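Okay, so here's the structure we're looking at.
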2 protein chains.
Amino acid sequence: MNLSIAEENYIKSIYKLEEGQEAVSTNALAYELDTKPASVTDMAKKLKEKKLIAYEKYQGINLTSEGKKAALQIIRRHRLWECFLVEKLSFSWEEVHELAEELEHVRSEKLTNRLSEFLGNPQIDPHGDPIPDAQGKMGKPRVQTSLHKSKANRLEVMAVSDKSTALLEFLNTKGVRLGTQLDVIERYEFDNSIEIKIKNQPAFTISEQVAKSIMVKPI
Amino acid sequence: MNLSIAEENYIKSIYKLEEGQEAVSTNALAYELDTKPASVTDMAKKLKEKKLIAYEKYQGINLTSEGKKAALQIIRRHRLWECFLVEKLSFSWEEVHELAEELEHVRSEKLTNRLSEFLGNPQIDPHGDPIPDAQGKMGKPRVQTSLHKSKANRLEVMAVSDKSTALLEFLNTKGVRLGTQLDVIERYEFDNSIEIKIKNQPAFTISEQVAKSIMVKPI
DNA sequence: AATAAAATTTAGGTAAATCTAAATAATTTA
DNA sequence: TAAATTATTTAGATTTACCTAAATTTTATT
Ligand SMILES: [Mn+2]
Ligand SMILES: [Mn+2]
Ligand SMILES: [Mn+2]
Ligand SMILES: [Mn+2]
């Protein structure tokens, strides 16, 4: 199955949006890919033709097992390149997503596997996301609780689900990175903002949106 | 100037074919890019519009200085990725050209310069070709003599100008690599084949075509 | 259940990068 | 130099991946 770059980007986005949901809507996919719903409908027909998705008019989209396999390969490449950029080329975690967005489209199993080996077969990427292995098997995300939902108050940062440069830069300035331990000082009901504190640093408040992006586990 | 992948491939090929020639012909470029002359004419109009080439109907193509600058950036990326693949991921010299053909299109100066640094700012790639620096300055190829033209008989292999997998694999089996020293045993006039010998190995004969691809310097 | 609103699809484009076949220009050969 | 050959360009399609505007279907709201 030879996929174009556009097709790969669709497959990857469908995989991401499918998580938890029963089907991916045309509008959601258009928003995720920064394109128009009409374009999504066009592509849906093509991907159905290629048996990568299940799709019926007005019924939303699901990956077939073929499609899932393809998605996992793309995600594997994306996350390995992110590791490479951070660990070997000293990029910061907010810089690597965009570059990996292009590097992920170089389709060579040999390259992918050699890269993985070169990096010591890493299990998680710079944002805390698990990396599928050569067979496409991916460890469950180690945490499924966001700081927003978490009940506990002594927490460790395990992953960041929003990869936007702006958010990751914000977290940099606040000293929040993977492995950071923090205490919840206060949860404000009226806007769901949270005041948190990292040892030896002044406390600060984050919005609901930020709290939803920070994945944590209780210490 | 934002170039598409197709435009970058054209620019790179024009740069390559321009060497020595006064202008690049439509047919030569079509052959190099494995496309049709009519497509080349179309693209020539577009690249002229973008001021990357000088082009008049029936007069052939030349890069402008803008175009040359672009070409050198692409070549820099191509050759740095080839180095990476060979030196860090243990690829063999015949495997890297195709992969670099894709990796070269990831346009990020920061990535390119970090990669160069990571590799120790290499000056030549795995095929013996010089790597342009960040400013686009490239050392003259260290040798311009092919084994075919060379007069001397004790020679060192400095580069291989044909990057086809088949030729490079052939050279592997014969023990010819960068730095290999060899003696010319005999030059056969009737077909321009050459019998050569590498120390401690049986002599063997190469065709004119192969001899033209091996760049050498006298020891 | 009827109507309004929202989501999705269809119809009919466009732009990029190709192609084939035909026309034209340049070059070579006789 | 006229004819033949070769090189190049033009004309007219095709495919991919988009788009806008209009039509249709689904879902939510009276
Ligand atoms: Mn991508
Ligand atoms: Mn990531
Ligand atoms: Mn290329
Ligand atoms: Mn090379």
Side-chain angles (χ1 to χ4, degrees), chain A residues 1-15 17-18 21-63 67 70-71 74 101-102 104-107, chain B residues 1-15 17-18 21-63 67 70-71 74 101-102 104-107:
Chain A
M1 189 68 51
N2 232 13
L3 301 182
S4 68
I5 290 177
E7 287 168 337
E8 287 197 337
N9 286 331
Y10 270 87
I11 293 292
K12 190 157 63 90
S13 291
I14 295 165
Y15 185 96
L17 297 178
E18 211 176 25
Q21 312 301 302
E22 29 147 334
V24 176
S25 78
T26 302
N27 272 357
L29 192 47
Y31 181 79
E32 172 74 18
L33 285 163
D34 193 23
T35 184
K36 296 292 180 295
S39 306
V40 171
T41 302
D42 284 350
M43 183 61 95
K45 289 174 186 167
K46 193 155 44 120
L47 294 177
K48 181 189 181 176
E49 198 56 45
K50 291 195 173 192
K51 298 191 195 307
L52 293 163
I53 63 172
Y55 165 70
E56 296 300 332
K57 265 195 206 186
Y58 298 104
Q59 302 308 128
I61 294 170
N62 287 98
L63 290 177
I74 305 162
E101 206 55 49
E102 304 194 42
E104 70 187 358
H105 301 293
V106 177
R107 273 147 291 208
Chain B
M1 188 68 52
N2 233 12
L3 302 182
S4 69
I5 290 178
E7 288 168 336
E8 287 198 337
N9 285 332
Y10 269 87
I11 292 292
K12 191 156 63 89
S13 291
I14 294 166
Y15 185 96
L17 297 178
E18 211 177 24
Q21 313 299 302
E22 29 147 334
V24 176
S25 78
T26 302
N27 272 358
L29 192 48
Y31 182 80
E32 173 74 19
L33 286 164
D34 194 22
T35 184
K36 295 292 181 293
S39 306
V40 171
T41 301
D42 284 351
M43 182 61 95
K45 288 173 186 167
K46 193 155 46 120
L47 294 176
K48 181 187 180 176
E49 199 55 45
K50 291 195 172 192
K51 298 192 195 305
L52 293 163
I53 63 171
Y55 165 69
E56 296 300 332
K57 263 195 205 184
Y58 298 105
Q59 301 309 127
I61 294 170
N62 287 98
L63 291 177
I74 305 162
E101 206 54 49
E102 304 193 43
E104 70 187 359
H105 300 293
V106 178
R107 273 148 290 211

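Values in this document were obtained by computation on a predicted structure and should not be read as measured data. First the proteins, then the strands, lettered A, B, ... as listed; each starts at 1.
Within the structure, the salt bridge (charged side-chain N to carboxylate O under 4.0 Å, His left out) test picks out the following pairs touching residues 23-40 of chain B (sequence neighbours left out): Lys16(B)-Glu32(B). Under the side-chain hydrogen bond (donor to acceptor under 3.5 Å, both in side chains) criterion, the residue pairs touching residues 47-56 of chain A are Glu7(A)-Lys50(A), Lys48(A)-Glu56(A), with sequence neighbours excluded.
Taking side-chain N and O atoms only, Thr26(A) has a distance below 4.0 Å to OP1 or OP2 of dT9(C). Here Asn27(B) does not reach the OP1 or OP2 of dT6(D): none of its side-chain N or O atoms lies under 4.0 Å away. The shortest distance between the side-chain N/O atoms of Lys57(A) and the OP1/OP2 oxygens of dA7(C) is not below 4.0 Å. Contact annotation: Tyr10(B) reaches the phosphate of dT18(C) (side-chain N/O to OP1 or OP2, under 4.0 Å).
Rounded to an integer number of Å, the gap from Glu56(B) CD to dT9(D) P is 11 Å. Remark: C1' of dT18(C) and CD of Glu7(B) are 14 Å apart, rounded to the nearest angstrom. Between the CD atom of Gln59(A) and the C1' atom of dA7(C) there is a distance of 12 Å, rounded to whole Å. Straight-line distance from the CD atom of Glu49(A) to the P atom of dT16(D): 11 Å, rounded to whole Å.
Near DNA chain C, meaning a heavy atom under 4.0 Å from it, residues 29-44 of chain A has Pro37(A), Ala38(A), Thr41(A) in order of number.
Nearest heavy-atom pair across Leu33(A) and Ser13(A) is CD2-OG, 3.3 Å.
Among dT9(C), dC18(D), dT8(D), the nucleotide with an atom closest to any side-chain atom of Tyr58(B) is dT8(D).
Looking at heavy atoms from C-beta onward, Tyr10(A) lies in side-chain contact with Ser39(A) at the 4.5 angstrom threshold. Taking 4.5 Å as the limit, every side-chain heavy atom of Val106(B) sits out of range of all side-chain heavy atoms of Val106(A).
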(request) List the steps and the verdict of side-chain contact (heavy atoms from CB on, under 4.5 Å) for Ile14(A) and Leu47(A). (result) CA-CA 11 Å; Ile14(A) 295 165; Leu47(A) 294 177; 4.3 Å; yes

